[in-house]
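To keep things clear, I will list the structure first and then write my remarks on it.
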There are 2 protein chains.
Amino acid sequence: MPVRLDSANPSTMDEDEVIGKIARMPEKSFGYLVRRCHRRFDRLLNARLATHDIKTGFWYYLRVLWIRDQVTQKYLSDMTNVAENTTVTMIEGMVNSGLVQREVDATDKRKRLVGLTPYGRSLENKLMGHAVEINRIATRGIKEEDLEVSRRVLARMSENLQQELRREGVG
Amino acid sequence: MPVRLDSANPSTMDEDEVIGKIARMPEKSFGYLVRRCHRRFDRLLNARLATHDIKTGFWYYLRVLWIRDQVTQKYLSDMTNVAENTTVTMIEGMVNSGLVQREVDATDKRKRLVGLTPYGRSLENKLMGHAVEINRIATRGIKEEDLEVSRRVLARMSENLQQELRREGVG
DNA sequence: AAAATATACTTCGATATCGAAGTATATGAA
DNA sequence: TTCATATACTTCGATATCGAAGTATATTTT
């Protein structure tokens, strides 16, 4: 059967047709679209942070800590969507850079609470501006209504994927 | 001035308000939403590919080569959104794994054309099914109409960011 | 209370990625 | 034609990331 590359309706396509379509048209695949977009967000952010001598890897943790201070590494991993062993390394780096400090939780000695130093806290105002501006650049010329739909869709896809990851015992 | 965390309209928010809002509500930030979504796509794909002994790093290149064979490393970098030096390393790995081969372009000796081996080509059917299924899982329960809006938005954001990256001389 | 299980963190070795700076070849300008 | 610039690829050293397996502490079950 020939593969139609145009406006075929997914719900009426059979299996081979769907595979063919996504195979030949990455722009139809959310995996592709999301990855490409992410790479570019990340690169731009990276370039901006470099001018402040902040490693991109630290950014995501700072972002969490500015909202809630004194949290476990587990919590940071969940919020940043980064594996726990990665978080260990990153937090060590942040401690060495004087951004955060760590102490064992008195009531549960398995936990180590991570807290901002005054220096870490002081970066918020300086750095958040970049995040805001990059978001503004990215969304330029797009209707607020469509942005809102997309936020919902991205959140829902994340949920769907998380559920599947758990189901398959990944992470 | 107090920051309203509810349904403020961005177009009427002043600077501090926008920063405060995005700072405290990462779910409003596309940088955050896209990254989280990407991480989960990537992890799930990774878990699937591991069962076929294929490194995730190779996947994106295979994906391009299945559509168009015998292309330059530059082309591969552009299509995969990966820096050229990364592509060098990856293609070397793929050559060693017997997935592709390389030859200098006769008409332009700067170029090295990368082409699939029969083995590399033979993986397409086996592996594309995973990509399709993961997309299906991710988009479960979302209206096709909203998906289409989101595809457009993601593509447009990628364009906007690309333009800015060029403007700032990044990449 | 002892044993089994779960949770938080860590260590290890590997992979994926980049920026900066370098080499070889091609193209355009003087 | 020769010099300057651009393009494609490479090398190097660093960062960001993970999976698997290990340790310490807490919680649950028997």
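Labels below follow one simple rule: chain letters A, B, ... track the order of the sequence lines, proteins then strands, and each chain is numbered from 1. Quick caveat, the model's predicted, so the values are computed rather than measured.
When the nearest nucleotides of DNA chain D are assigned to Met90(A) and Glu92(B) by heavy-atom distance, the more 5′-ward of the two goes with Glu92(B).
If you measure from atom CD1 of Ile54(A) to atom P of dT15(D), you get 13 Å, rounded to the nearest angstrom. One interatomic measurement links the two molecules: CG of Leu76(B) to C1' of dC9(D), which rounds to 13 Å at whole-angstrom precision. Residue Ile91(A) contributes atom CD1, which lies 13 Å from atom C1' of dA16(D) at whole-angstrom precision. Spacing between atom NE2 of His38(A) and atom C1' of dA16(C) amounts to 12 Å, rounded to whole angstrom units. Going from atom CG of Leu45(B) over to atom P of dT15(C) covers 17 Å, rounded to whole Å. When the P atom of dT15(D) is taken as reference, atom CG of Leu49(A) falls 15 Å away, rounded to whole Å. The CZ-C1' distance, from Arg43(A) to dT17(C), rounds to 9 Å in whole Å. When rounded to the nearest whole Å, the span between OH of Tyr60(B) and P of dA16(C) equals 10 Å.
Of all nucleotides listed (dG19(D), dA8(D), dT17(D)), dT17(D) comes nearest to the side chain of Thr89(A). Here the side chain of Arg39(A) is nearest to one of dT11(C), dT17(C), dT10(D), namely dT17(C).
Under a cutoff of 6.0 Å and an axis angle of 45°, Arg63(A) and Tyr32(B) do not form a cation-pi pair. Tyr75(A) carries Arg68(A) over the face of its six-membered ring, with the cationic atom under 6.0 Å from the centre and within 45° of the normal.
In terms of phosphate contacts, Thr86(B) brings a side-chain nitrogen or oxygen within less than 4.0 Å of OP1 or OP2 of dC18(C). In this structure, Arg35(A) reaches the dT17(C) phosphate: one of its side-chain N or O atoms is under 4.0 Å from OP1 or OP2.
Within the nucleic acid shown, Gln73(B) comes within 4.0 Å of sugar-phosphate atoms alone, with no base atom in reach, counting heavy atoms only.
Side-chain contact between Ser122(A) and Thr117(A) is absent, with no heavy-atom pair separated by less than 4.5 Å.
Between the side chain of Ser97(B) and the main chain of Met94(B), no donor-acceptor pair closer than 3.5 Å is present.
No option in Leu99(B), Leu65(B), Val100(B) other than Leu99(B) meets the side chain to side chain contact (heavy atoms under 4.5 Å, CB included) test with Phe58(B).
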Item to complete: Check the pair Arg40(A), Glu164(B) against salt bridge (charged side-chain N to carboxylate O under 4.0 Å, His left out), reporting the backbone distance first and the verdict last.
Response: CA-CA 10 Å; Arg40(A) 294 180 184 175; Glu164(B) 181 66 15; over 6 Å; no

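Under 3.5 Å, the side chains of Gln163(A) and Arg140(B) contain no donor-acceptor pair of N or O atoms.
For the contact set between residues 93-117 of chain A and DNA chain C, defined by any heavy atom under 4.0 Å, the members are Arg102(A), Arg110(A), Lys111(A), Arg112(A).
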